[in-house]
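Working notes, structure below.
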Amino acid sequence: MLFSEFFAPTSKDIPSDAKIASHQLMLRAGMISQAASGIYYWLPLAVRVLEKIMKIICEEQDKIGANKVYFTTIQPAELWMESGRYDDYGKEMLRITDRKDGKFLYSPTNEEQATDVFRKYVKSYKGLPTMLYQIHWKFRDEIRPRFGVMRGREFLMKDGYSFASTFEEAEEIYKKVFKSYIRTFKRMGLTPIPVQADSGAIGGNMSHEFQILAQTGESTLYYDKKLLTASDEELMNIFAVTDEKYDPKTSPIPKNELMVSKGIEVGHIFYFGKKYSEPMNAFVLDKNGQKLYPEMGSYGIGVSRLIAAIIEAFHDERGIMWPEHVAPFDVTVLNLHTSNKDCVEICNKIYRALSESKEVLYDDREMSIGEKLGDADLIGIPWQIIVGEKNLSQGFVELKNRKTKEIIKLSVDEVIGRFIGK
Ligand code: ATP
Ligand code: MG
């Protein structure tokens, strides 16, 4: 992609209404723009990151046998009347009336629809267990949308739903999803802290939140320091709770081994038994021809919130430092002297060679060196290849690692070799 063709309206101004780093940086890097309170346009740089995040999620969901579908964003209110949640959900739900006075709503979550799809098709115990998931937009009319996309009103969520014959089977699926979530977040470069959670409005009796440590997080976490070095297998059994559940009088962990940190909730999983299957009459016939109401669970990931959480975890005073697997591009080529023929020729050569196997942003814009270097650090692509006339006259270009800030001089062939065949 040529930067001259790339829609990335970067800005040097620090937006006065953005209080946390991720919100400021997303605005400054031209990733998002507010359309209304808690509702954002997603611009190309952010979309590229969203797509990377979604790809990781989908690959990990595939591995555990979850099926991708799209439920709908607009749902008939009837389904929620069946489950009994229509009135309970309160003002967070955006209620819609169509031209025939039919009652609809914009999905804040999709348990009812998942149950509806299940009951339409699965009639026998042989169809169990099964898992459906989607990545789709949600709307919740939050009282206090804030911190940009961190707590939006419209946001992108991965939501999955499982159906099992027995509690044991449901528990097995829950554990499988738990481990898969740990892998999912680690692939994004994050260190997830799974905490035992109150299950809140969705209800139930087994629930974990996945938190990312960040000073700007809204949750306070209390956890055994062993958690930071535990294997994925051990994680579920190590003490970790949010402040809602923490009671110093009953804490099983001595004070000197207890960590207290702020966290951002990026995922939440629940087991809730027959909470929807029974009232919505979603049953299958068991071996003896008896009605069996499946044991259900739901599994959420805050896809759009993750972008902000990743930036909170990986930034410095100059901008974003994307972890490799979620970066919008693998590498950027900066032409510092666009009127110099040699610079243009070498940049084109590097750009063409690297584009065969990497995602490359070539900054071919005519603007000052300072602005180019500033934008590159702001946007945070992991590697910068800096081509300037002085170095080039001596046969070199610079390769900068955005995160470590290390800069090395390499010949053109060497720099190409670094990225090709890697
Ligand atoms: P919170 O306590 O932050 O409101 P929640 O418990 O209401 O979250 P869930 O219903 O479990 O959230 O949704 C699954 C995931 O969706 C959450 O873990 C979070 O990452 C994300 N999420 C929830 N609400 C929002 C929001 N308003 N904006 C962005 N992401 C959100
Ligand atoms: Mg909420």
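Every number for a ligand or one of its atoms is a count from 1 in the order of the listing. Note that this is a predicted model, so its numbers are computed, not measured.
Centroid-to-centroid, the aromatic rings of Tyr276 and Phe118 stay 6.0 Å apart or farther. A ring-centre distance under 6.0 Å is found for Phe210 and Tyr181.
Residues satisfying the ring pair (Phe, Tyr, Trp, His ring centres under 6.0 Å) test with Phe155, not counting sequence neighbours, are none. By the ring pair (Phe, Tyr, Trp, His ring centres under 6.0 Å) test, Tyr70 is found to be paired with His136, residues two or more places apart in sequence or in another chain being considered.
Taking the ring centre of Tyr86 as origin, the terminal cationic atom of Arg95 falls inside the region bounded by 6.0 Å and 45° from the ring axis. At least one test fails for Lys274 against the ring of Tyr293: distance under 6.0 Å to the centre or angle within 45° of the axis.
Residue nearest to atom 26 (C) of ligand 1, selected from Tyr299, Phe270, Phe155: Phe155 (by heavy-atom distance). Around atom 10 (O) of ligand 1, the closest heavy atom drawn from Lys138, Met157, Arg140 belongs to Arg140. Evaluated by nearest non-hydrogen atom to atom 16 (O) of ligand 1, the leading choice among Gly152, Gly302, Ser219 is Gly302.
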- Item | Residue pair Lys63, Glu60: steps toward the salt bridge (charged side-chain N to carboxylate O under 4.0 Å, His left out) verdict | CA-CA 5 Å; Lys63 286 185 197 162; Glu60 293 299 329; 2.9 Å; yes
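Using a 4.0 Å cut-off to heavy atoms of Gly267, the atoms of ligand 1 that qualify are 18 (O). The contact set between ligand 1 and Val149, taken as ligand atoms under 4.0 Å from a residue heavy atom, comprises 29 (C). For ligand 1 and Glu142, the ligand atoms under 4.0 Å from any heavy atom of the residue are 24 (N), 26 (C), 27 (N). Contact atoms of ligand 1 toward Met150: 28 (N), 29 (C), 30 (N) (distance under 4.0 Å to a heavy atom of the residue). Listed by atom number, the atoms of ligand 1 under 4.0 Å from His268 heavy atoms are 6 (O), 11 (O), 18 (O). Under a 4.0 Å criterion applied to the non-hydrogen atoms of Val266, ligand 1 contributes the atoms 18 (O), 20 (O).
Separating the CD atom in Glu92 from the CZ atom in Arg153 is a distance of 11.0 Å, to the nearest 0.5 Å. A distance of 6.5 Å separates CD1 of Ile269 from NE2 of His208, quoted to the nearest 0.5 Å.
Ligand 1 has no nitrogen or oxygen under 3.5 angstrom from a nitrogen or oxygen of Glu218. The shortest N or O to N or O distance between Ser304 and ligand 1 is not below 3.5 Å. The shortest N/O to N/O separation between Glu265 and ligand 1 falls below 3.5 Å.
For Thr109, the heavy-atom gap to ligand 1 stays at 4.0 angstrom or more.
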